[in-house]
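Just so it is clear: chains get the letters A, B, ... in the order the sequence lines come, proteins before strands, and each one is counted from 1. Since we're looking at a predicted model, the values are computed, not measured.
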Protein chains: 2
Amino acid sequence: MADMALYLLDERGLPDLTMRHLATALGVQPSALYWHFPNKQALLAAVSERILAPVGEVTVENLSVPAAVLVVGARMHASLLAHRDASELVSSSLALGLVDSPVRLPLLTVGRAQGVPDTLSEVAAEAVMHFVVGFTFHEQQRLVADALGLLETDEISSGHDTFTDALTMIAQGLAASLDRHQGPPAPTGESQAP
Amino acid sequence: MADMALYLLDERGLPDLTMRHLATALGVQPSALYWHFPNKQALLAAVSERILAPVGEVTVENLSVPAAVLVVGARMHASLLAHRDASELVSSSLALGLVDSPVRLPLLTVGRAQGVPDTLSEVAAEAVMHFVVGFTFHEQQRLVADALGLLETDEISSGHDTFTDALTMIAQGLAASLDRHQGPPAPTGESQAP
DNA sequence: ACCTGAACACCGTTCAAGT
DNA sequence: ACCTGAACACCGTTCAAGT
């Protein structure tokens, strides 16, 4: 049933993923859906969980925390791109707290294995999650606009991988925070001009 | 008219900001709105622009780029928190490309004044924008859940300012990228470590 | 130039009743 | 346990027609 919803999402997009369309796709009356889910948001949360499942399966065992940020972030990016309108859907499920952040647990785990304070891992997890969802949302919306031919051709793809660059920037920021908190004296270029 | 919509947003929230409600608030038929705006998305984009206006007015003239990231990010955060459901609304207008990123121009400008390559400023702008919108979205949704009393009391406010911490992390990542790109010494910063 | 009236083609959700 | 039928209270958008 959530599987049918995911199929419908890929086939028709989020705006057409209505309770009524889902019902007819299942050969059932719309009201029947409310025996299985209390409301549409709960149904969408179940779909979000399926979309994000691959992120939880990633192994980051013996990576540094910044490296884990890169790996988990990339995996989440890929998982969102794998389904139509996934970032918009997941974004709202995540914001409503109906689904857990898929990057939180992995980052917390590797962090602990290396003596990183939980609060720092949590902060990193928030930054990564929000960045990935937001960036991919923007990215998927551009795909739609592109398909409709509403975009200047030179803004479609610069060839340059902005996603990885920005994610790397976040990972570097985390590395700097780690140095501050424990390791060797490696001060960061916190430049300030008058 | 967009002002009335903003007022209605604050008073009743995004789900109740319908063309029909807006029309009756203006003492007019719903169809009348379509003489002024081609559709609801365009109307919402106009509201988004009003919400984001304060971000463009910030002065970052003689700040380093990482410092500007902090200032502009904080300003955007504040602007979104100033109106009910603003982050959700702005998020979609931004994603649809109906409104410009309010952090892009300021960061590009300070970056140029200090010889930072545009591509790097663009990456920083993307990371900041997505993080701020995503984080604030999550934050505002928690406010709603809190108001409905659906949250464990210990997850409501940890007292600790996660937003600033994560934003600082991004700024540090940018500082690290800058060091890489143009050698150790920033014009006024004190950063050095082998 | 600006708005009305009326319609079109939809939504999510509830709930008694059926099997 | 699972579903139907029918209704309720809405949506955004279009368009001829009015002033």
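- Summarising the base pairing, C:dC15 is matched to D:dG5 through a Watson-Crick or G-U wobble pair whose two defining distances lie under 3.5 Å.
- Comparing D:dC15 with C:dC3, their C1' atoms sit 13 Å apart, to the nearest whole Å.
- For B:Asn39, the CG atom counts as densely surrounded, since its 6.0 Å shell holds more than 12 non-hydrogen atoms of other residues, nucleotides or ligands.
- In this structure, the side chain of B:Ser64 engages the main chain of B:Ala67 through a donor-acceptor pair within 3.5 Å.
- Note: A:Phe163 and A:His77 have parallel aromatic rings, judged against thresholds of 30 and 60 degrees for the angle between ring planes.
- Nearest-nucleotide assignment on DNA chain D puts the 5′-proximal partner with A:His36, out of A:His36 and B:Lys40.
- Distances shown here put every side-chain N or O of B:His21 at or beyond 4.0 Å from the OP1 or OP2 atom of D:dC10.
- Applying the 6.0 Å contact sphere to CG of A:Asp16 captures more than 12 heavy atoms from other residues, nucleotides or ligands.
- Take the nearest nucleotide of DNA chain C for A:Met19 and for B:Ala32: the residue whose nucleotide is more 5' is B:Ala32.
- Comparing A:Gln41 and B:Ser31 by the nucleotide of DNA chain C whose heavy atom lies nearest to each, the residue mapping closer to the 5' end is B:Ser31.
- Atom-to-atom, CD of A:Gln29 to P of C:dT13 comes out at 16 Å; the value is rounded to the nearest Å.
- Contact detail for B:Asp85 and B:Leu14: the closest heavy-atom pair is OD2-N, 2.8 Å.
- Computed from coordinates, the A:Tyr34 OH to D:dA7 P distance equals 19 Å when rounded to whole Å.
- Atom CZ in A:Phe37 sits roughly 12 Å away from atom P in D:dC3 (whole-Å rounding).
- Following rounding to the nearest Å, A:Arg20 (CZ) and D:dA6 (P) show an atom-to-atom distance of 14 Å.
- Nucleotide C:dC10 forms a pair with no other nucleotide shown, judged by Watson-Crick or G-U wobble geometry with both contacts under 3.5 Å.
- Between the CG atom of A:Leu26 and the P atom of D:dT4 there is a distance of 10 Å, given to the nearest Å.
- C:dC3 atom C1' lies 11 Å from atom CG of B:Leu33, rounded to whole Å.
- Here the separation of C:dC2 from D:dA17, taken at their P atoms, is 22 Å to the nearest Å.
- For B:Trp35 and D:dT14, the CH2 to C1' distance is 17 Å, given to the nearest whole Å.
- Distances from the side chain of B:Asn39 to the nucleotides D:dC11, C:dT4, D:dT13 place D:dT13 closest.
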